[in-house]
Amino acid sequence: MVDTQREIERKYEVATGDDLPDLTAVGGVRAVVDQGTAELDATYYDTADARLADASLTLRRRTGGKDAGWHLKLPVAEGVRDEIRAPLSDTVPAHLRDLVRSRVRGVALVPVVRLRSSRATRHLLDADGTLLAEISLDRVHAERLSGGTGTADWTEIEVELADNGDPAFLDKVDKKLRKAGVRRSSAASKLARALEETGGRPGPAAPGTHRPPTDAQPATAGDHVLAYVRAQRDALVALDPSVRRDLFDSVHSMRVATRRLRSTFRSFGTVLDPRVTDPVAEDLKWLAGELGVDRDREVLTEHLTRAVSELPGPLVGGPVRNRLRAWSDARRGGSRRRLTSVLDGERYLGLLNALDALITDPPLLKASAKDPGTVLTRAVHKDFHKVAELIGRALDLPPGHDRDTALHEARKKAKRTRYAAEATTPALGRPARALLTSMKSLQTLLGEHQDSVLVRDALLELSALADKARESSFTYGVLYGREEQRAAAAEAALPEVWRTLRAATSF
(Lines give C-alpha, C1' and ligand atoms only; values in the text may rest on other atoms or scores of the structure.)
Protein backbone atom coordinates (compact mmCIF):
# COMPACT_ATOMS: atom_id res chain seq x y z
CA MET A 1 0.00 0.00 0.00
CA VAL A 2 1.27 3.49 -0.92
CA ASP A 3 0.01 6.75 0.60
CA THR A 4 0.97 10.40 0.28
CA GLN A 5 1.30 13.06 2.96
CA ARG A 6 1.78 16.80 2.34
CA GLU A 7 4.59 17.88 4.66
CA ILE A 8 4.92 21.55 5.64
CA GLU A 9 7.81 22.04 8.03
CA ARG A 10 10.70 24.19 9.15
CA LYS A 11 14.07 23.11 10.48
CA TYR A 12 16.27 24.87 13.03
CA GLU A 13 19.85 24.49 14.23
CA VAL A 14 20.56 24.18 17.93
CA ALA A 15 23.67 23.50 19.98
CA THR A 16 24.28 19.89 20.96
CA GLY A 17 22.82 19.25 24.40
CA ASP A 18 20.07 21.86 24.11
CA ASP A 19 16.46 20.92 24.77
CA LEU A 20 13.20 22.07 23.20
CA PRO A 21 12.28 25.65 24.17
CA ASP A 22 9.04 26.28 26.05
CA LEU A 23 6.31 26.95 23.48
CA THR A 24 3.30 27.31 25.77
CA ALA A 25 3.27 31.06 25.11
CA VAL A 26 2.82 30.68 21.33
CA GLY A 27 -0.48 32.20 20.23
CA GLY A 28 -3.21 29.58 19.98
CA VAL A 29 -1.33 26.93 21.96
CA ARG A 30 -3.08 25.76 25.12
CA ALA A 31 -1.07 22.62 25.80
CA VAL A 32 2.28 21.07 24.92
CA VAL A 33 2.06 17.30 25.25
CA ASP A 34 5.15 15.12 25.49
CA GLN A 35 5.04 12.19 23.04
CA GLY A 36 8.17 10.50 24.29
CA THR A 37 11.39 9.64 22.48
CA ALA A 38 11.78 7.36 19.45
CA GLU A 39 14.92 5.84 17.99
CA LEU A 40 14.95 6.19 14.20
CA ASP A 41 17.28 4.42 11.78
CA ALA A 42 17.14 5.61 8.17
CA THR A 43 19.18 4.59 5.13
CA TYR A 44 19.08 7.04 2.24
CA TYR A 45 19.36 5.84 -1.35
CA ASP A 46 20.63 7.70 -4.40
CA THR A 47 22.74 7.15 -7.49
CA ALA A 48 26.51 7.20 -7.07
CA ASP A 49 26.55 10.68 -8.64
CA ALA A 50 23.75 12.03 -6.37
CA ARG A 51 21.06 12.60 -8.99
CA LEU A 52 18.24 12.61 -6.45
CA ALA A 53 20.04 14.92 -4.03
CA ASP A 54 20.81 17.32 -6.87
CA ALA A 55 17.08 17.56 -7.54
CA SER A 56 16.25 17.95 -3.80
CA LEU A 57 14.59 14.52 -3.71
CA THR A 58 15.13 12.09 -0.87
CA LEU A 59 14.48 8.35 -0.83
CA ARG A 60 14.92 6.48 2.43
CA ARG A 61 14.15 3.25 4.23
CA ARG A 62 13.44 3.95 7.89
CA THR A 63 12.71 1.81 10.91
CA GLY A 64 11.51 3.02 14.28
CA GLY A 65 8.83 5.58 15.04
CA LYS A 66 5.21 5.63 13.95
CA ASP A 67 5.81 5.75 10.19
CA ALA A 68 8.43 3.08 9.55
CA GLY A 69 8.75 2.20 5.89
CA TRP A 70 10.00 3.63 2.61
CA HIS A 71 9.62 7.39 2.12
CA LEU A 72 10.12 9.37 -1.09
CA LYS A 73 10.03 13.15 -0.59
CA LEU A 74 9.29 15.36 -3.59
CA PRO A 75 9.72 19.16 -3.33
CA VAL A 76 6.58 21.24 -3.88
CA ALA A 77 7.68 24.68 -2.65
CA GLU A 78 10.07 26.07 -0.06
CA GLY A 79 9.41 24.17 3.14
CA VAL A 80 6.73 22.03 1.47
CA ARG A 81 7.20 18.46 0.28
CA ASP A 82 5.00 15.53 -0.66
CA GLU A 83 6.05 12.42 1.22
CA ILE A 84 5.05 9.24 -0.57
CA ARG A 85 5.18 6.21 1.67
CA ALA A 86 5.37 2.47 1.13
CA PRO A 87 5.63 -0.44 3.57
CA LEU A 88 8.98 -1.83 4.66
CA SER A 89 10.69 -4.18 2.24
CA ASP A 90 14.25 -5.24 1.49
CA THR A 91 14.42 -3.43 -1.86
CA VAL A 92 13.16 -0.12 -3.22
CA PRO A 93 9.42 -0.51 -3.95
CA ALA A 94 8.64 -0.53 -7.67
CA HIS A 95 6.20 2.38 -7.37
CA LEU A 96 8.80 4.64 -5.78
CA ARG A 97 11.44 3.56 -8.27
CA ASP A 98 9.09 4.56 -11.10
CA LEU A 99 8.63 8.03 -9.58
CA VAL A 100 12.37 8.72 -9.79
CA ARG A 101 12.92 7.05 -13.16
CA SER A 102 13.25 10.33 -15.07
CA ARG A 103 16.10 11.29 -12.72
CA VAL A 104 18.04 8.05 -12.40
CA ARG A 105 17.25 6.48 -15.83
CA GLY A 106 18.95 3.08 -15.71
CA VAL A 107 21.50 3.92 -13.01
CA ALA A 108 21.42 1.84 -9.82
CA LEU A 109 20.12 3.23 -6.54
CA VAL A 110 22.57 2.50 -3.74
CA PRO A 111 22.75 3.30 -0.01
CA VAL A 112 24.60 6.60 0.41
CA VAL A 113 23.98 7.76 3.98
CA ARG A 114 22.72 6.22 7.22
CA LEU A 115 21.11 8.53 9.77
CA ARG A 116 20.38 7.36 13.29
CA SER A 117 18.31 9.84 15.27
CA SER A 118 17.00 10.04 18.78
CA ARG A 119 13.77 12.03 18.38
CA ALA A 120 11.98 13.69 21.30
CA THR A 121 8.54 14.81 20.15
CA ARG A 122 5.89 17.12 21.56
CA HIS A 123 2.44 18.04 20.23
CA LEU A 124 1.20 21.62 20.23
CA LEU A 125 -2.56 21.56 20.89
CA ASP A 126 -5.24 24.27 20.83
CA ALA A 127 -8.03 24.80 23.39
CA ASP A 128 -10.12 22.00 21.82
CA GLY A 129 -7.24 19.54 21.94
CA THR A 130 -6.73 19.75 18.17
CA LEU A 131 -3.18 19.22 16.95
CA LEU A 132 -1.63 22.41 15.57
CA ALA A 133 1.89 21.19 14.96
CA GLU A 134 4.43 18.60 15.97
CA ILE A 135 7.78 19.77 17.23
CA SER A 136 10.71 17.43 17.65
CA LEU A 137 14.28 17.60 18.83
CA ASP A 138 16.49 15.29 16.76
CA ARG A 139 19.95 14.26 17.89
CA VAL A 140 21.44 12.94 14.67
CA HIS A 141 24.41 10.73 13.88
CA ALA A 142 25.25 10.51 10.15
CA GLU A 143 27.43 7.87 8.56
CA ARG A 144 28.53 7.96 4.93
CA LEU A 145 27.99 4.63 3.15
CA SER A 146 29.24 5.48 -0.35
CA GLY A 147 31.08 8.38 -1.93
CA GLY A 148 32.94 8.98 1.33
CA THR A 149 33.67 7.55 4.75
CA GLY A 150 32.98 10.42 7.12
CA THR A 151 30.60 10.78 10.04
CA ALA A 152 28.86 13.78 11.56
CA ASP A 153 26.73 14.62 14.60
CA TRP A 154 24.32 17.49 15.15
CA THR A 155 21.09 18.46 16.87
CA GLU A 156 18.17 20.12 15.14
CA ILE A 157 14.58 21.13 15.80
CA GLU A 158 11.88 20.27 13.30
CA VAL A 159 8.43 21.86 13.37
CA GLU A 160 5.82 20.14 11.18
CA LEU A 161 2.39 21.66 10.61
CA ALA A 162 -0.59 19.41 11.35
CA ASP A 163 -2.71 18.18 8.43
CA ASN A 164 -4.92 21.01 7.10
CA GLY A 165 -3.24 23.43 9.48
CA ASP A 166 -2.77 27.15 8.86
CA PRO A 167 0.80 27.81 7.61
CA ALA A 168 0.69 31.16 9.44
CA PHE A 169 0.92 29.21 12.70
CA LEU A 170 4.49 28.26 11.80
CA ASP A 171 5.36 31.97 11.77
CA LYS A 172 4.21 32.24 15.39
CA VAL A 173 6.36 29.28 16.38
CA ASP A 174 9.26 30.71 14.39
CA LYS A 175 9.06 34.00 16.25
CA LYS A 176 9.17 32.23 19.62
CA LEU A 177 12.09 30.01 18.61
CA ARG A 178 14.10 32.98 17.37
CA LYS A 179 13.55 34.78 20.66
CA ALA A 180 14.96 31.67 22.33
CA GLY A 181 18.12 32.03 20.24
CA VAL A 182 17.32 29.30 17.73
CA ARG A 183 18.10 29.97 14.08
CA ARG A 184 16.76 28.46 10.87
CA SER A 185 18.79 25.63 9.40
CA SER A 186 20.93 26.43 6.38
CA ALA A 187 20.48 22.87 5.05
CA ALA A 188 17.38 21.97 3.07
CA SER A 189 17.17 18.52 4.66
CA LYS A 190 18.98 16.12 6.96
CA LEU A 191 20.35 14.34 3.91
CA ALA A 192 21.74 17.55 2.44
CA ARG A 193 23.50 18.34 5.70
CA ALA A 194 24.79 14.77 6.04
CA LEU A 195 26.26 14.83 2.53
CA GLU A 196 28.03 18.10 3.15
CA GLU A 197 29.42 17.12 6.56
CA THR A 198 30.55 13.60 5.65
CA GLY A 199 32.56 14.35 2.54
CA GLY A 200 30.51 16.56 0.25
CA ARG A 201 28.60 15.63 -2.84
CA PRO A 202 30.11 13.41 -5.51
CA GLY A 203 31.24 14.98 -8.73
CA PRO A 204 31.09 15.73 -11.50
CA ALA A 205 27.33 15.96 -11.97
CA ALA A 206 25.85 13.44 -14.35
CA PRO A 207 23.96 14.59 -17.47
CA GLY A 208 20.45 15.65 -16.58
CA THR A 209 21.24 16.56 -12.97
CA HIS A 210 20.72 19.98 -11.53
CA ARG A 211 23.65 21.31 -9.57
CA PRO A 212 23.28 24.95 -8.50
CA PRO A 213 23.68 27.29 -11.51
CA THR A 214 26.68 29.51 -11.97
CA ASP A 215 26.50 33.29 -11.92
CA ALA A 216 27.35 33.51 -15.63
CA GLN A 217 24.74 35.38 -17.66
CA PRO A 218 23.80 34.51 -21.27
CA ALA A 219 25.94 36.57 -23.64
CA THR A 220 25.57 35.13 -27.14
CA ALA A 221 22.59 33.99 -29.16
CA GLY A 222 23.57 30.42 -28.38
CA ASP A 223 23.68 31.11 -24.65
CA HIS A 224 20.11 32.43 -24.67
CA VAL A 225 18.70 29.56 -26.72
CA LEU A 226 20.47 26.93 -24.62
CA ALA A 227 19.25 28.54 -21.38
CA TYR A 228 15.67 28.16 -22.63
CA VAL A 229 16.26 24.59 -23.80
CA ARG A 230 17.78 23.70 -20.43
CA ALA A 231 14.81 25.19 -18.56
CA GLN A 232 12.34 23.14 -20.60
CA ARG A 233 14.38 19.95 -20.22
CA ASP A 234 14.41 20.51 -16.47
CA ALA A 235 10.63 21.06 -16.49
CA LEU A 236 10.06 17.86 -18.47
CA VAL A 237 12.12 15.79 -16.05
CA ALA A 238 10.59 17.40 -12.95
CA LEU A 239 7.03 16.87 -14.17
CA ASP A 240 7.46 13.14 -14.74
CA PRO A 241 6.53 12.10 -11.15
CA SER A 242 3.50 14.42 -11.18
CA VAL A 243 2.21 12.87 -14.40
CA ARG A 244 2.67 9.38 -12.96
CA ARG A 245 0.73 10.47 -9.87
CA ASP A 246 -2.02 11.97 -12.07
CA LEU A 247 -1.77 15.39 -10.41
CA PHE A 248 -3.93 18.19 -11.71
CA ASP A 249 -2.64 19.90 -14.88
CA SER A 250 0.60 17.87 -14.85
CA VAL A 251 -0.06 16.25 -18.24
CA HIS A 252 -0.80 19.61 -19.81
CA SER A 253 2.32 21.18 -18.29
CA MET A 254 4.54 18.36 -19.54
CA ARG A 255 3.01 18.63 -22.99
CA VAL A 256 3.74 22.36 -23.02
CA ALA A 257 7.39 21.67 -22.14
CA THR A 258 7.69 19.26 -25.09
CA ARG A 259 6.12 21.82 -27.42
CA ARG A 260 8.39 24.59 -26.21
CA LEU A 261 11.44 22.44 -26.86
CA ARG A 262 10.30 21.39 -30.30
CA SER A 263 9.37 24.95 -31.23
CA THR A 264 12.73 26.23 -30.04
CA PHE A 265 14.59 23.77 -32.24
CA ARG A 266 12.54 24.85 -35.25
CA SER A 267 12.63 28.59 -34.61
CA PHE A 268 16.37 28.73 -33.97
CA GLY A 269 17.68 26.42 -36.66
CA THR A 270 20.48 28.88 -37.40
CA VAL A 271 21.72 28.52 -33.80
CA LEU A 272 21.36 24.76 -33.14
CA ASP A 273 22.16 22.35 -35.97
CA PRO A 274 18.86 20.83 -37.26
CA ARG A 275 20.73 17.66 -38.26
CA VAL A 276 21.08 16.98 -34.53
CA THR A 277 17.86 18.54 -33.23
CA ASP A 278 15.45 17.17 -35.87
CA PRO A 279 15.50 13.57 -34.56
CA VAL A 280 15.00 14.88 -31.02
CA ALA A 281 12.13 17.05 -32.25
CA GLU A 282 10.48 13.99 -33.80
CA ASP A 283 10.57 12.19 -30.47
CA LEU A 284 9.19 15.31 -28.77
CA LYS A 285 6.33 15.35 -31.27
CA TRP A 286 5.63 11.71 -30.50
CA LEU A 287 5.64 12.36 -26.74
CA ALA A 288 3.36 15.40 -27.10
CA GLY A 289 0.95 13.22 -29.04
CA GLU A 290 0.90 10.57 -26.32
CA LEU A 291 0.38 13.24 -23.67
CA GLY A 292 -2.32 14.84 -25.81
CA VAL A 293 -4.57 11.81 -25.56
CA ASP A 294 -5.01 12.48 -21.86
CA ARG A 295 -5.05 16.26 -22.12
CA ASP A 296 -7.61 16.37 -24.93
CA ARG A 297 -9.81 14.04 -22.91
CA GLU A 298 -9.58 16.37 -19.91
CA VAL A 299 -10.49 19.45 -21.95
CA LEU A 300 -13.38 17.80 -23.77
CA THR A 301 -14.86 16.30 -20.62
CA GLU A 302 -14.66 19.57 -18.69
CA HIS A 303 -16.21 21.55 -21.53
CA LEU A 304 -19.04 19.11 -22.25
CA THR A 305 -19.88 18.69 -18.56
CA ARG A 306 -20.13 22.45 -18.16
CA ALA A 307 -22.15 22.82 -21.38
CA VAL A 308 -24.70 20.21 -20.29
CA SER A 309 -25.06 21.84 -16.86
CA GLU A 310 -25.85 25.18 -18.52
CA LEU A 311 -28.67 23.81 -20.67
CA PRO A 312 -32.28 24.37 -19.56
CA GLY A 313 -33.84 21.18 -18.18
CA PRO A 314 -36.19 20.56 -21.15
CA LEU A 315 -33.19 20.46 -23.52
CA VAL A 316 -31.51 17.61 -21.66
CA GLY A 317 -33.11 14.44 -22.99
CA GLY A 318 -32.08 10.96 -21.92
CA PRO A 319 -29.18 9.88 -19.70
CA VAL A 320 -26.80 12.47 -21.15
CA ARG A 321 -24.71 12.95 -18.01
CA ASN A 322 -24.32 9.20 -17.47
CA ARG A 323 -23.39 8.72 -21.11
CA LEU A 324 -20.77 11.48 -20.91
CA ARG A 325 -19.35 10.05 -17.69
CA ALA A 326 -19.07 6.54 -19.14
CA TRP A 327 -17.49 7.89 -22.33
CA SER A 328 -14.97 9.90 -20.33
CA ASP A 329 -14.08 7.06 -17.96
CA ALA A 330 -13.55 4.62 -20.82
CA ARG A 331 -11.17 7.00 -22.58
CA ARG A 332 -9.40 7.92 -19.36
CA GLY A 333 -8.65 4.37 -18.29
CA GLY A 334 -7.08 3.49 -21.61
CA SER A 335 -5.10 6.69 -21.94
CA ARG A 336 -3.71 6.50 -18.39
CA ARG A 337 -2.49 2.95 -18.87
CA ARG A 338 -0.94 3.85 -22.20
CA LEU A 339 0.74 6.97 -20.82
CA THR A 340 2.30 5.07 -17.92
CA SER A 341 3.62 2.55 -20.42
CA VAL A 342 5.09 5.40 -22.49
CA LEU A 343 6.93 6.86 -19.48
CA ASP A 344 8.37 3.43 -18.71
CA GLY A 345 9.45 2.85 -22.30
CA GLU A 346 12.87 2.98 -23.91
CA ARG A 347 11.91 5.67 -26.42
CA TYR A 348 10.97 8.15 -23.69
CA LEU A 349 14.09 7.49 -21.63
CA GLY A 350 16.15 7.72 -24.81
CA LEU A 351 14.60 11.13 -25.47
CA LEU A 352 15.63 12.36 -22.02
CA ASN A 353 19.16 11.09 -22.60
CA ALA A 354 19.26 12.80 -26.00
CA LEU A 355 18.22 16.11 -24.45
CA ASP A 356 20.94 15.75 -21.83
CA ALA A 357 23.53 15.05 -24.50
CA LEU A 358 22.35 18.01 -26.59
CA ILE A 359 22.74 20.36 -23.62
CA THR A 360 26.06 18.90 -22.50
CA ASP A 361 27.56 19.06 -26.01
CA PRO A 362 25.35 21.52 -27.94
CA PRO A 363 25.40 21.38 -31.75
CA LEU A 364 26.08 25.10 -32.11
CA LEU A 365 26.28 26.72 -35.55
CA LYS A 366 28.20 29.82 -36.56
CA ALA A 367 25.34 32.21 -35.76
CA SER A 368 25.27 31.01 -32.14
CA ALA A 369 28.38 33.05 -31.32
CA LYS A 370 26.91 36.31 -32.63
CA ASP A 371 25.10 39.11 -30.85
CA PRO A 372 21.68 37.86 -29.71
CA GLY A 373 19.89 41.04 -30.79
CA THR A 374 20.45 40.40 -34.49
CA VAL A 375 20.20 36.60 -34.60
CA LEU A 376 17.20 36.17 -32.32
CA THR A 377 15.27 39.10 -33.82
CA ARG A 378 15.67 37.60 -37.28
CA ALA A 379 14.35 34.22 -36.08
CA VAL A 380 11.31 35.69 -34.32
CA HIS A 381 10.61 37.98 -37.27
CA LYS A 382 10.50 34.95 -39.58
CA ASP A 383 8.04 33.13 -37.31
CA PHE A 384 5.77 36.13 -36.99
CA HIS A 385 5.51 36.68 -40.73
CA LYS A 386 4.62 33.02 -41.21
CA VAL A 387 1.71 33.56 -38.81
CA ALA A 388 0.60 36.57 -40.85
CA GLU A 389 0.72 34.52 -44.05
CA LEU A 390 -1.38 31.72 -42.55
CA ILE A 391 -3.98 34.08 -41.09
CA GLY A 392 -4.38 35.80 -44.44
CA ARG A 393 -4.75 32.46 -46.22
CA ALA A 394 -7.39 31.26 -43.75
CA LEU A 395 -9.45 34.46 -44.01
CA ASP A 396 -9.54 34.09 -47.81
CA LEU A 397 -11.24 30.69 -47.52
CA PRO A 398 -15.00 30.21 -47.11
CA PRO A 399 -16.27 28.76 -43.81
CA GLY A 400 -15.93 25.00 -43.66
CA HIS A 401 -13.40 22.22 -43.27
CA ASP A 402 -10.60 23.89 -45.26
CA ARG A 403 -10.84 27.09 -43.22
CA ASP A 404 -10.94 25.09 -39.99
CA THR A 405 -7.73 23.34 -41.03
CA ALA A 406 -6.07 26.61 -42.04
CA LEU A 407 -6.98 28.29 -38.76
CA HIS A 408 -5.62 25.32 -36.86
CA GLU A 409 -2.31 25.66 -38.71
CA ALA A 410 -2.25 29.38 -37.89
CA ARG A 411 -2.87 28.56 -34.24
CA LYS A 412 0.07 26.16 -34.14
CA LYS A 413 2.33 28.74 -35.75
CA ALA A 414 1.12 31.44 -33.32
CA LYS A 415 2.02 29.11 -30.47
CA ARG A 416 5.48 28.56 -31.92
CA THR A 417 5.98 32.30 -32.32
CA ARG A 418 4.83 32.81 -28.73
CA TYR A 419 7.44 30.35 -27.47
CA ALA A 420 10.13 32.01 -29.60
CA ALA A 421 9.22 35.38 -28.10
CA GLU A 422 9.30 33.82 -24.63
CA ALA A 423 12.77 32.39 -25.24
CA THR A 424 14.12 35.71 -26.49
CA THR A 425 12.55 38.03 -23.91
CA PRO A 426 15.70 38.11 -21.71
CA ALA A 427 17.70 39.29 -24.72
CA LEU A 428 15.20 41.43 -26.69
CA GLY A 429 13.16 42.91 -23.86
CA ARG A 430 10.05 44.98 -24.60
CA PRO A 431 9.49 44.04 -28.30
CA ALA A 432 9.59 40.35 -27.42
CA ARG A 433 7.24 40.86 -24.46
CA ALA A 434 4.77 42.73 -26.69
CA LEU A 435 4.88 39.93 -29.26
CA LEU A 436 4.43 37.35 -26.51
CA THR A 437 1.28 39.11 -25.30
CA SER A 438 -0.08 39.42 -28.84
CA MET A 439 0.51 35.76 -29.66
CA LYS A 440 -1.16 34.68 -26.40
CA SER A 441 -4.28 36.65 -27.37
CA LEU A 442 -4.30 35.26 -30.88
CA GLN A 443 -3.73 31.73 -29.61
CA THR A 444 -6.67 32.10 -27.22
CA LEU A 445 -9.04 33.17 -29.98
CA LEU A 446 -7.89 30.48 -32.40
CA GLY A 447 -8.00 27.99 -29.54
CA GLU A 448 -11.69 28.76 -29.02
CA HIS A 449 -12.26 27.92 -32.66
CA GLN A 450 -10.23 24.70 -32.60
CA ASP A 451 -11.86 23.58 -29.36
CA SER A 452 -15.25 23.91 -31.01
CA VAL A 453 -14.05 21.66 -33.85
CA LEU A 454 -12.89 18.97 -31.39
CA VAL A 455 -16.04 19.24 -29.28
CA ARG A 456 -18.24 18.79 -32.36
CA ASP A 457 -16.31 15.64 -33.26
CA ALA A 458 -16.86 14.34 -29.73
CA LEU A 459 -20.57 15.16 -29.91
CA LEU A 460 -20.91 13.18 -33.11
CA GLU A 461 -19.28 10.22 -31.37
CA LEU A 462 -21.56 10.55 -28.34
CA SER A 463 -24.62 10.87 -30.54
CA ALA A 464 -23.72 7.67 -32.39
CA LEU A 465 -23.29 5.84 -29.06
CA ALA A 466 -26.66 7.13 -27.88
CA ASP A 467 -28.38 6.01 -31.08
CA LYS A 468 -26.84 2.56 -30.75
CA ALA A 469 -28.16 2.30 -27.18
CA ARG A 470 -31.62 3.56 -28.30
CA GLU A 471 -31.20 6.77 -26.29
CA SER A 472 -32.25 10.24 -27.37
CA SER A 473 -29.57 12.12 -29.28
CA PHE A 474 -31.47 15.43 -29.19
CA THR A 475 -29.25 17.08 -26.58
CA TYR A 476 -26.09 16.32 -28.56
CA GLY A 477 -27.63 18.09 -31.55
CA VAL A 478 -28.41 21.14 -29.43
CA LEU A 479 -24.86 21.28 -28.15
CA TYR A 480 -23.49 20.78 -31.68
CA GLY A 481 -25.43 23.82 -32.88
CA ARG A 482 -24.07 25.93 -30.05
CA GLU A 483 -20.52 24.87 -30.92
CA GLU A 484 -21.09 25.92 -34.51
CA GLN A 485 -22.11 29.34 -33.22
CA ARG A 486 -18.98 29.53 -31.05
CA ALA A 487 -16.77 28.81 -34.04
CA ALA A 488 -18.59 31.36 -36.19
CA ALA A 489 -18.15 34.04 -33.51
CA ALA A 490 -14.41 33.38 -33.32
CA GLU A 491 -14.10 33.60 -37.10
CA ALA A 492 -16.08 36.85 -37.19
CA ALA A 493 -13.87 38.43 -34.51
CA LEU A 494 -10.57 37.32 -36.05
CA PRO A 495 -10.02 40.10 -38.69
CA GLU A 496 -10.32 42.95 -36.20
CA VAL A 497 -8.37 41.13 -33.50
CA TRP A 498 -5.59 40.37 -35.96
CA ARG A 499 -5.38 44.00 -37.16
CA THR A 500 -5.08 45.20 -33.57
CA LEU A 501 -2.45 42.64 -32.60
CA ARG A 502 -0.39 43.23 -35.72
CA ALA A 503 -0.33 46.97 -35.06
CA ALA A 504 0.95 46.33 -31.53
CA THR A 505 4.04 44.40 -32.63
CA SER A 506 7.32 45.68 -34.03
CA PHE A 507 8.31 42.53 -35.89
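For the numbers below, each heavy atom of this structure counts, side chains included, while hydrogens, waters and symmetry mates do not.
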J.: Can a side-chain donor-acceptor contact be found between R456 and S452 if the only test is distance below 3.5 angstrom?
T.: yes
J.: Less than 3.5 Å apart, any donor N or O on the side chain of D404 or H449 sitting next to an acceptor on the other?
T.: yes
J.: Taking the side chain as every heavy atom from C-beta outward, state whether L96 and I84 have any pair of such atoms under 4.5 Å apart.
T.: yes
J.: Would you say the side-chain atoms of D383 and S267 include a donor-acceptor pair closer than 3.5 Å?
T.: yes
J.: Do the side chain of S250 and the main chain of D246 share a donor and acceptor less than 3.5 angstrom apart?
T.: no
J.: Indicate yes or no: does D344 engage R101 in a salt bridge with an N to O separation below 4.0 Å.
T.: yes
J.: State whether W286 and R347 meet the cation-pi test: NZ (Lys) or CZ (Arg) under 6.0 Å from the six-membered ring centroid, and within 45° of the perpendicular axis.
T.: yes
J.: Under 4.0 Å between a side-chain nitrogen and a carboxylate oxygen: does that hold for E196 and R193?
T.: no
J.: Using distance alone, with no hydrogens and no angle criterion, decide if H71 and R85 have a side-chain donor and acceptor under 3.5 Å apart.
T.: no
J.: Quick one about S328 and T301 (side-chain donor to acceptor, distance below 3.5 Å, no hydrogens or angles considered), yes or no?
T.: yes
J.: Looking at E160 and R10, is there a salt bridge between them, counting it only when a charged N and a carboxylate O are closer than 4.0 Å?
T.: no
J.: Looking at S89 and T91, would you say the former's side chain and the latter's main chain have a donor-acceptor pair under 3.5 Å?
T.: yes
J.: Strictly below 4.0 Å, N to O, side chains only: are D46 and R103 in salt-bridge contact?
T.: no
J.: Answer yes when R81 and E83 have at least one side-chain N-carboxylate O distance shorter than 4.0 Å, and no when they do not.
T.: no
J.: After noting the C-alpha distance and the side-chain angles of V107 and R51, does the key distance pass the side chain to side chain contact (heavy atoms under 4.5 Å, CB included) rule?
T.: CA-CA 10 Å; V107 179; R51 298 186 182 194; 3.7 Å; yes
J.: Salt bridge check: are R122 and E134 linked by an N-O gap of less than 4.0 Å?
T.: no
J.: Does the distance from a Lys or Arg side-chain N to an Asp or Glu carboxylate O, for E282 and K285, drop under 4.0 Å?
T.: no
J.: Should V29 and F169 be marked as a side chain to side chain contact (heavy atoms under 4.5 Å, CB included) after you check the CA-CA gap, both sets of side-chain angles, and the distance that decides it?
T.: CA-CA 10 Å; V29 175; F169 177 71; 3.6 Å; yes
J.: Mark yes or no for whether W498, through its side chain, and I391, through its backbone, hold a donor-acceptor pair below 3.5 Å.
T.: no
J.: Is it the case that the side chains of R411 and Q443 hold a donor-acceptor pair, with the cut-off being a distance below 3.5 Å and no angle test?
T.: no
J.: Are Y348 and D283 close enough that a side-chain donor and a side-chain acceptor fall under 3.5 Å?
T.: no
J.: Tell me whether T424 contacts the main-chain N or O of A427 through its side chain, where contact means a donor paired with an acceptor under 3.5 Å.
T.: no
J.: Indicate yes or no: does R260 engage E422 in a salt bridge with an N to O separation below 4.0 Å.
T.: yes
J.: Got a donor-acceptor contact below 3.5 angstrom from the S309 side chain to the R306 backbone?
T.: yes
